[in-house]
Amino acid sequence: MPELPEVETVRQGLARWVTGRRIESVEVRHPRAVRRHVAGGAHFADVLADRTVLDVCRRGKYLWLPLDSGDAVIGHLGMSGQLLLQPAAAPDEPHLRVRFRFTDDGPELRFVDQRTFGGLSVSEGGATLPAEIAHIARDPLDPQFSDADFVTAMRRRRTEVKRALLDQTLISGVGNIYADEALWRAGLHGTRPTDALTGPAVRRLLGHVRDVLTEAITAGGTSFDALYVNVNGESGYFDRSLNVYGREGQPCRRCGAPIRREAFMNRSSYSCPRCQPRPRATLRG
DNA sequence: CATGACTCCTGGATGC
DNA sequence: TGCATCCAGGAGTCAT
């Protein structure tokens with residue numbers, strides 16, 4: 001599922017293949033893919049025709065493409081979204097939602113999304129940072145991310161540590177897979193209360209988040225199947241490096257105990273019962 | 001304001 | 001074999 005490393009991999013591919021090209025026309029093939037564009041699909045296509053893509057930027061799991069008009073195309077892959085560069089002659093994908101044709105007659109940009117949780121929209125005047133995603137925190141690989149502020153904000157929360165890692169307004173780019181991996185590396189169970197963590201413990205956890213994201217980018221992202229691919233349709237191979245996610249019943253790579261799976265926030269959480277003991281019932285005043 | 005439950009969606013896997 | 005059900009989860013919305 002696309003988290004920061006997967007989205008960053010896509011960003012790099014788009015930056016290489018789309019920057020500097022002028023859009024000729026846009027075809028919206030499914031209204032849900034542009035549901036965040038309130039003015040509708042026809043307007044979406046209208047304002048993009050004849051515009052040149054200046055850059056490809058990312059905040060957390062969001063992408064945006066600044067245009068020569070000062071607007072920007074915002075994109076989110078959701079659960080199953082793909083941004084693919086394809087020759088015009090390539091057959092349409094079964095879940096093709098939006099097609100961008102360029103004036104140079106080079107490869108088309110296609111937004112393909114089976115589950116339609118993702119989507120595209122145009123942000124008016126959003127070239128620098130779209131207002132629609134200004135609430136998303138910086139990610140831990142951003143040079144301007146403040147470790148000290150993160151430690152303070154995390155310890156001020158009254159929630160569980162995994163919920164905090166998944167809160168994109170606190171730290172962005174982390175999803176279910178990398179949250180579990182970072183918590184395993186840190187030896188913390190996801191239900192540990194944030195306000196009981198020490199400053200050094202939060203700093204250690206942040207270091208592990210950073211490490212796992214960096215390693216995954218190097219590997220080209222994680223993929224369990226063909227659902228997530230880069231702009232050339234290729235899968236990353238970080239799934240070979242996962243220590244807990246999807247490994248229920250298999251031995252912990254640190255201590256050998258069988259990895260457990262628990263329901264958490266309406267999804268699965270994987271952890272080592274020995275390295276990541278559940279917190280005792282919290283005693284709060 | 002902070003927190004957390006609910007909801008959107010499709011198709012592969014699973015169960016009877 | 002076929003049909004029904006479950007499951008994956010990012011993030012906006014809404015209730016508390």
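Labels below follow one simple rule: chain letters A, B, ... track the order of the sequence lines, proteins then strands, and each chain is numbered from 1. These figures come from a predicted structure and were not determined experimentally.
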ask   = Does A:R253 make a cation-pi contact with A:W184 (under 6.0 Å, within 45 degrees of the axis)?
value =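 Cation-pi check for A:R253 and A:W184: fails.
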
request  = Report yes or no: is the cationic atom of A:R29 (NZ for Lys, CZ for Arg) under 6.0 Å from the centre of the six-membered ring of A:F111, at an angle within 45° of the ring normal?
outcome  = no

Per [X] side chain, nearest of listed nucleotides [options]:
{"X": "A:R115", "options": "C:dG10, B:dA5, B:dC9", "value": "B:dC9"}
{"X": "A:M79", "options": "C:dG10, B:dT7, B:dT10", "value": "C:dG10"}
{"X": "A:T159", "options": "B:dT3, C:dG10, B:dT10", "value": "B:dT3"}
{"X": "A:T116", "options": "C:dC7, B:dG11, B:dC9", "value": "B:dC9"}

ask   = Considering heavy-atom distances to DNA chain B, does A:R157 or A:H30 have its closest nucleotide positioned more toward the 5' end?
value =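 Nearest-nucleotide comparison on DNA chain B picks A:R157.
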
Audit row: A:R51, A:R22, side chain to side chain contact (heavy atoms under 4.5 Å, CB included) steps and yes/no = CA-CA 6 Å; A:R51 299 273 64 90; A:R22 185 152 59 101; over 6 Å; no

note = 5' to 3', nucleotides 11-16 of chain C under a 4.0 Å protein heavy-atom cut-off (B base, S sugar-phosphate only, - none) gives BSS---

task = Tell me whether the OP1 or OP2 atom of C:dA8 has a side-chain N or O from A:S80 closer than 4.0 Å.
result =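 No, A:S80 has no side-chain N/O under 4.0 Å of OP1/OP2 on C:dA8.
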
ask   = Distance check: side-chain N/O of A:H95 vs OP1/OP2 of B:dC9, anything under 4.0 Å?
value =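 It does not, given that no N or O in the side chain of A:H95 lies less than 4.0 Å from OP1 or OP2 of B:dC9.
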
Grab the [atom1]-[atom2] distance between [X] and [N] for me, whole Å please.
{"X": "A:R261", "N": "C:dC7", "atom1": "CZ", "atom2": "P", "result": "8 Å"}
{"X": "A:K162", "N": "B:dG4", "atom1": "NZ", "atom2": "P", "result": "14 Å"}
{"X": "A:D167", "N": "C:dG10", "atom1": "CG", "atom2": "C1'", "result": "12 Å"}
{"X": "A:N266", "N": "B:dG4", "atom1": "CG", "atom2": "C1'", "result": "10 Å"}
{"X": "A:N176", "N": "C:dC7", "atom1": "CG", "atom2": "C1'", "result": "13 Å"}
{"X": "A:F117", "N": "B:dG11", "atom1": "CZ", "atom2": "P", "result": "13 Å"}
{"X": "A:L165", "N": "B:dG4", "atom1": "CG", "atom2": "P", "result": "14 Å"}
{"X": "A:M265", "N": "B:dC6", "atom1": "CE", "atom2": "P", "result": "13 Å"}

task = Would you jot down, in residue-number order, the residues of residues 37-44 of chain A having a non-hydrogen atom under 4.0 Å from DNA chain C?
result = none

key: Parallel, tilted or perpendicular: ring planes of A:H43 versus A:H37, cut at 30 and 60 degrees   = parallel

message = Within a 6.0 Å radius of atom CZ on A:R16, are there more than 12 heavy atoms belonging to other residues, nucleotides or ligands?
response =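 For A:R16, atom CZ is not crowded (no more than 12 foreign heavy atoms under 6.0 Å).
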
ask   = CD of A:E248: more than 12 outside heavy atoms within 6.0 angstrom?
value =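 Yes, enclosed.
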
task = Could you tell me whether the side chain of A:Y270 reaches within less than 4.5 Å of the side chain of A:N243, counting heavy atoms only?
result = no

query = Can A:S80 and A:D113 be counted as having a side-chain donor-acceptor contact under 3.5 angstrom?
reply = yes

ask   = Would you say the side chains of A:E6 and A:Y178 form a donor-acceptor pair under 3.5 Å?
value = yes

task = Evaluate the side chain to side chain donor-acceptor pair (under 3.5 Å) criterion for residues A:E93 and A:Q86: first the C-alpha distance (whole Å), next the side-chain angles of each, then the deciding distance (0.1 Å), finally the verdict.
result = CA-CA 10 Å; A:E93 292 76 4; A:Q86 290 278 41; 2.8 Å; yes

query = Base, sugar-phosphate, or nothing: which does A:R97 touch, judged by heavy atoms less than 4.0 Å apart?
reply = nothing

